[in-house]
Amino acid sequence: MTVRLTADKDTGVAVVTLDRPERLNSIDLAMAAELTAAWQEFRFDQSVRSVVVTGAGERAFCTGLDRDVEVPQPGSPYTVDEPLTMTGPKANDLWKPVIAAVNGMACGGAFYLLGEAEFIVADEHATFFDPHTTYGMVSACESIYMAQRMPFGEVARMALMGTAERISAGRAYEVGLVSEVTAPGEALQAAVRCAEVIASYPTEAVQGTVRAVWAAKEAARAQALTHAPHLIALGNLPADRQAELFAARRAGGYRVR
């Protein structure tokens, strides 16, 4: 299993842990399926009233799709098979509140999870970036998700600067991506504390509030996401060229702001 689930029946809080620290918690097809199954399970588990999602280890929350995963694509610019589409709670019709606890790096496909959390808690060593353009890929869904959480200019800068810049936890807090910055190693505990408070309230009122908050922006997000498959199909470099760019990357060649 690459996703670890724990639940406290007394508090009503479940914790979802991405458990591939040796691969920086990148998502392979098995993990994608397990995430989908977890969100579906929580829909029907009345003992779970609030959820925290985090990553194992200290180096990364999640670094998106595992580069070794092969996803066959249909030969059409009008369709794209995206294995991360169903990895988030809202995509699986889960409207119980989800809080993300970010440790280390969160980049690329991690934004499918962060974009569908109610809010994000990060430790002070967390960083956020989007590597797509560096490797010849369109940042479509990721940018759309982040455009719901950050000012336009910040989203555009993060997407276009690629691997050259990383946003610090402090900067993420300043622009509204993160709601709380903790001392190193304390993001999970802080997120669980929030989840316990929320889970102690009547769940019908909580879930109705979640739906109301999302209704304020859901139409714009849904409309934007309809364009994503075409932009990806038309703008991505061939896989072999992407692999060349990825292999040529230089470690440490970035600034943190």
Side-chain angles (χ1 to χ4, degrees), residues 1-8 13-43 45 48 50-71 82-92 94 96-132 139 141-142 145-146 149 166-167 169 172 177-182 184-195:
M1 300 291 286
T2 59
V3 175
R4 186 159 29 96
L5 305 180
T6 60
D8 187 326
V13 174
V15 177
V16 176
T17 304
L18 311 184
D19 197 9
R20 299 183 76 217
E22 73 287 353
R23 298 289 294 177
L24 299 177
N25 296 319
S26 59
I27 301 174
D28 60 7
L29 298 184
M31 179 184 280
E34 289 172 27
L35 282 167
T36 297
W39 305 128
Q40 292 284 340
E41 176 184 337
F42 292 147
R43 289 181 67 210
D45 188 344
V48 172
S50 188
V51 184
V52 173
V53 59
T54 193
E58 300 179 353
R59 298 178 63 197
F61 166 77
C62 176
T63 54
L65 186 66
D66 191 318
R67 288 291 305 181
D68 290 339
V69 170
E70 292 187 12
V71 183
E82 172 52 79
L84 301 185
T85 300
M86 296 298 292
T87 56
K90 305 303 179 292
N92 288 281
L94 177 70
K96 297 175 182 180
V98 176
I99 303 167
V102 176
N103 45 302
M105 293 182 288
C107 65
F111 298 146
Y112 282 82
L113 292 170
L114 299 184
E116 292 196 358
E118 269 54 69
F119 57 90
I120 301 167
V121 176
D123 78 29
E124 63 186 34
H125 291 159
T127 57
F128 304 82
F129 63 102
D130 189 347
H132 279 74
S139 175
C141 297
E142 294 81 3
Y145 279 114
M146 290 300 97
R149 295 189 172 276
R166 297 185 183 184
I167 298 175
L177 174 60
V178 166
S179 66
E180 180 181 356
V181 177
T182 72
E186 295 185 9
L188 177 58
Q189 295 93 321
V192 168
R193 284 195 297 271
C194 291

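We count residues from 1, following the sequence as given.
- Taking Thr2 as the reference, Glu34 meet the side-chain hydrogen bond (donor to acceptor under 3.5 Å, both in side chains) condition, with sequence neighbours excluded.
- The pair Asp68-Arg23 meets the salt-bridge criterion, since a charged nitrogen lies less than 4.0 angstrom from a carboxylate oxygen.
- Annotation: side chain to side chain contact (heavy atoms under 4.5 Å, CB included) contacts of Glu124 (sequence neighbours excluded): Val181, Pro184.
- Every residue two or more places apart in sequence or in another chain that forms a side-chain hydrogen bond (donor to acceptor under 3.5 Å, both in side chains) with Ser139 is listed here: Asp130, Ser143.
- Without hydrogens or angle criteria, Thr54 side chain to Thr17 main chain gives no donor-acceptor distance under 3.5 Å.
- Glu180 is linked by a salt bridge (Lys or Arg N to Asp or Glu O under 4.0 Å) to nothing, counting only residues two or more places apart in sequence or in another chain.
- Here Tyr145 pairs with Tyr112 under the ring pair (Phe, Tyr, Trp, His ring centres under 6.0 Å) rule; sequence neighbours left out.
- More than 12 heavy atoms of other shown residues, nucleotides or ligands fall within 6.0 angstrom of atom CD in Gln189.
- Residues forming a side chain to side chain contact (heavy atoms under 4.5 Å, CB included) with Ala126 (at least two apart in sequence, or on another chain): Val102, Ala122, Asp123, Phe128, Ala169.
- Judged as a side-chain hydrogen bond (donor to acceptor under 3.5 Å, both in side chains), and not counting sequence neighbours, the contacts of Arg20 are Ser26, Asp66.
- Two residues are said to be in side-chain contact when any heavy atoms from C-beta on lie closer than 4.5 Å; Thr127 and Ile167 fail this criterion.
- With sequence neighbours excluded, no residue satisfies side-chain hydrogen bond (donor to acceptor under 3.5 Å, both in side chains) with Glu41.
- The salt bridge (Lys or Arg N to Asp or Glu O under 4.0 Å) search around Glu186 returns none, not counting sequence neighbours.
- For Ala195, the side chain to side chain contact (heavy atoms under 4.5 Å, CB included) criterion is met by Val13, Ser50, Val52, Ile99, not counting sequence neighbours.
- Here Ala91 pairs with Met86, Glu116 under the side chain to side chain contact (heavy atoms under 4.5 Å, CB included) rule; sequence neighbours left out.
- Take Arg4 and apply the salt bridge (Lys or Arg N to Asp or Glu O under 4.0 Å) test, not counting sequence neighbours, and it matches Asp19.
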